[in-house]
Amino acid sequence: MVSLCTAGGAMVAVVLAGVATPQAHATGDDREKRSTEVLQELVPSPDGPGCAAAVGKRGSAVWEAGRGKADLTTGRAITPKTVFDMASNSKQFTADAVLLLAGRHQLALNDRLSDFLDNPPAWTRDVTLGDLMRHTSGITDYQDLLEAKGIKLTDPAGPSRATWIHPIISVQPINCWIYGPND
């Protein structure tokens, strides 16, 4: 798990380094070279935890690379196609985006989750965006569901997870705070 956290931190650092340091900005033919150099500066050892990085231009990836190990035990390398379990690393960004949209009156914290989904399951009608942000949604912890089915969190993700998790989630919004990966 340490490598996942480090990988997430390194990925954020790559983004911030590209924005914050003038030498990270490249033009013309040296963009690929400079992007590789930035990744190597931030992840100096290809044998330790690392990250995958990409540079996009007008909706398309113009450079992508991986550096470091996705799994220190097996030595599996990170590639541009490596899927990371980001766990809770994205929650603060999602919450900030929701609050910005709420501040612009484009949504409200009491909007139901079902309002934002195509063909939503019935339980989403009882959960609001505010419930998710306050960790009071009552959504069953998907990690517990995975483990109950014998699937380890380190197993590759796939559509089969959603197929069997979806029908067994039961939700009852709660009046207390419970932190979990689903909120």
### Task
May I have the step-by-step check of side chain to side chain contact (heavy atoms under 4.5 Å, CB included) for Arg31 and Val55, ending in yes or no?
CA-CA 9 Å; Arg31 285 183 178 157; Val55 174; over 6 Å; no

Minimum heavy-atom distance [X]-[Y], with the two atoms named:
{"X": "Thr82", "Y": "Ala70", "result": "CG2-CB, 4.1 Å"}
{"X": "Leu129", "Y": "Ala108", "result": "CD1-O, 3.7 Å"}
{"X": "Thr79", "Y": "Ala52", "result": "O-CB, 3.7 Å"}

#### Entry: Check: Thr128 main-chain N/O paired with Asp131 side-chain donor or acceptor under 3.5 Å
yes

### Partner residues of Thr74 under the side chain to side chain contact (heavy atoms under 4.5 Å, CB included) criterion, sequence neighbours left out
Asp71, Arg76

## Note on the structure
When rounded to the nearest 0.5 Å, the distance separating OG of Ser137 from CG of Leu113 is 8.5 Å

### Task
Could you name each residue pair satisfying side chain to side chain donor-acceptor pair (under 3.5 Å) that touches residues 98-115, not counting sequence neighbours?
none

### Message
Are Leu100 and Phe93 linked, directly or through intermediate hydrophobic residues, by side-chain heavy-atom contacts shorter than 4.5 Å (ILVMFWY only)?
### Response
no

### Query
Partners of Thr124 by side-chain hydrogen bond (donor to acceptor under 3.5 Å, both in side chains), sequence neighbours excluded?
none

For residues 57-67, run the donor-acceptor check on the side chains, cut-off 3.5 Å, and write out each pair with its distance to 0.1 Å, sequence neighbours left out.
from, atom 1, to, atom 2, distance (Å)
Trp63, NE1, Thr36, OG1, 3.4
Arg67, NE, Val43, O, 2.5
Arg67, NH2, Pro44, O, 2.7

